[in-house]
Amino acid sequence: MKHISRAELFLGFLKIGLLGFSGVGPWARHVIVEERRWLTDKELAEVLGVGQMLPGPNTMNAAVIIGERFQGVPGVVSSLLGMMAMPLAIVTALAAVYDRFASIPEVRVGLIGAAAAAAGLVLGTALKMIRNIKLAPMAFVVVALGFASIAVFGWPLVPVVIVLAPVAIVLTALGRRT
Amino acid sequence: MTGILAELARTFALLSLVSIGGINVLLPEIRRQVVDVHGWMTDAAFAHTFAIASAAPGPNVIVVSLIGWQVAGWARPPGRHARHHGPVLRPGVLRCACPCPLVAQQGWRRHQGTRWCLSAWA
């Protein structure tokens with residue numbers, strides 16, 4: 001395995017955090033696989049897959065795993081600090097600027113536009129995911145139930161998942177057998 | 001003030017444990033907790049916060065830090081400079097699930113190459 005110092009981990013993740021707008025995934029691949037060659041494409045895919053299955057934010061899970069692999073717990077600290085330091089500073093500065101100028105009508109209008117765009121991005125991601133995973137017809141029942149309970153009725157997420165997950169598994173199992 | 005910080009930490013620590021699949025899965029639940037359950041901000045303020053977080057670089061989860069900043073900022077009595085302690089404390093809030101990947105990585109290293117592991121990651 002390659003030797004990667006804590007400073008290298010910090011700087012690499014600093015770059016990933018700074019470059020990644022609306023999600024750091026693509027930049028993480030560019031920096032980790034192509035530019036610095038810490039991991040191969042396949043290794044990174046595994047790390048991201050594990051990160052997605054575990055609770056917690058995906059990219060932070062991945063940073064923890066990569067940091068631990070090369071430098072143990074101190075590596076985890078370097079990776080996380082690197083990835084979060086600049087974004088935290090920037091986002092807090094943005095919020096402070098907004099707080100200061102929120103009373104100006106143009107600022108408010110601009111932000112409403114930005115909010116609409118952000119909501120559109122999330123919707124777009126959801127639609128793309130639905131299209132890409134090629135759902136069985138029965139799965140759309142689960143999608144519709146999930147959407148209705150969260151978006152229409154506003155029910156809490158945890159009970160909805162606890163009820164729907166077994167339903168989805170049973171439906172899939174039944175679908176396979178026939 | 002510490003009451004709100006503790007409440008923020010508790011709320012997001014719980015959410016972090018159920019956030020399998022990423023931050024977008026959690027957005028409706030974060031909104032429900034922040035707007036409906038705790039009444040920390042209005043719907044419009046939540047949308048604005050999300051917009052600001054989307055406009056900044058970095059992992060999407062940064063929105064959680066910003067919510068912490070906004071909530072504790074607005075809840076504070078006058079004396080604005082004290083706010084600056086806020087964001088330093090709050091990033092800790094999002095990291096509550098970090099032990100999970102750590103444990104997974106240890107387990108992975110130990111069992112790497114066994115059939116159980118290969119089928120799990122396949």
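These figures come from a predicted structure and were not determined experimentally. The chains referred to below are lettered A, B, ... by the order of the sequence lines, with proteins before strands, and numbering in each begins at 1.
- A single hydrophobic cluster is not seen to contain both Val163(A) and Val158(A); linkage of ILVMFWY side chains at heavy-atom distances under 4.5 Å, directly or through other members, places them apart.
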- request: Determine, step by step, whether Thr92(A) and Leu66(B) satisfy the side chain to side chain contact (heavy atoms under 4.5 Å, CB included) criterion, reporting the C-alpha distance in whole Å, the side-chain angles of both residues, the deciding distance to 0.1 Å, and the verdict.
  value: CA-CA 7 Å; Thr92(A) 334; Leu66(B) 191 56; 5.6 Å; no
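- Ile67(B) and Val97(A) fall within the same hydrophobic cluster, defined by Ile, Leu, Val, Met, Phe, Trp and Tyr side-chain heavy atoms under 4.5 Å apart, directly or through other members.
- Looking at Ile150(A), the atoms closer than 4.5 Å to chain B (heavy atoms on both sides) all sit in the side chain, from C-beta outward.
- Taking hydrophobic clusters as Ile, Leu, Val, Met, Phe, Trp and Tyr residues chained together by side-chain heavy-atom distances below 4.5 Å, Phe153(A) shares a cluster with Ile162(A).
- Chain A is approached within less than 4.5 Å, heavy atom to heavy atom, by Arg32(B) from residues 30-38 of chain B, ordered by number.
- Pairing each heavy atom of Leu157(A) with each of Glu29(B), the nearest pair is N-OE1, 2.7 Å.
- Of the listed residues Ala115(A), Pro156(A), Ala95(A), the one with more heavy-atom pairs under 4.5 angstrom with chain B than any other is Pro156(A).
- The same ILVMFWY cluster, assembled from side-chain heavy atoms under 4.5 Å apart, contains both Val160(A) and Val167(A).
- Counting heavy atoms from C-beta outward, Ile90(A) and Pro57(B) have side chains that approach closer than 4.5 Å.
- In summary, of the residues considered (Val63(B), Ile62(B), Thr49(B)), a side chain to side chain contact (heavy atoms under 4.5 Å, CB included) with Val91(A) occurs for Ile62(B) alone.
- Listed here is the closest heavy atom pair of Ala51(B) and Ala118(A): CA-CB, 4.3 Å.
- With values rounded to the nearest 0.5 angstrom, Leu111(A) atom CG is found 12.0 Å from Phe50(B) atom CZ.
- Following chains of ILVMFWY side-chain contacts shorter than 4.5 Å, one cannot reach Leu94(A) starting from Val109(A), and the two form parts of different hydrophobic clusters.
- Residue Ala63(A) does not touch chain B at all, counting heavy-atom pairs closer than 4.5 Å.
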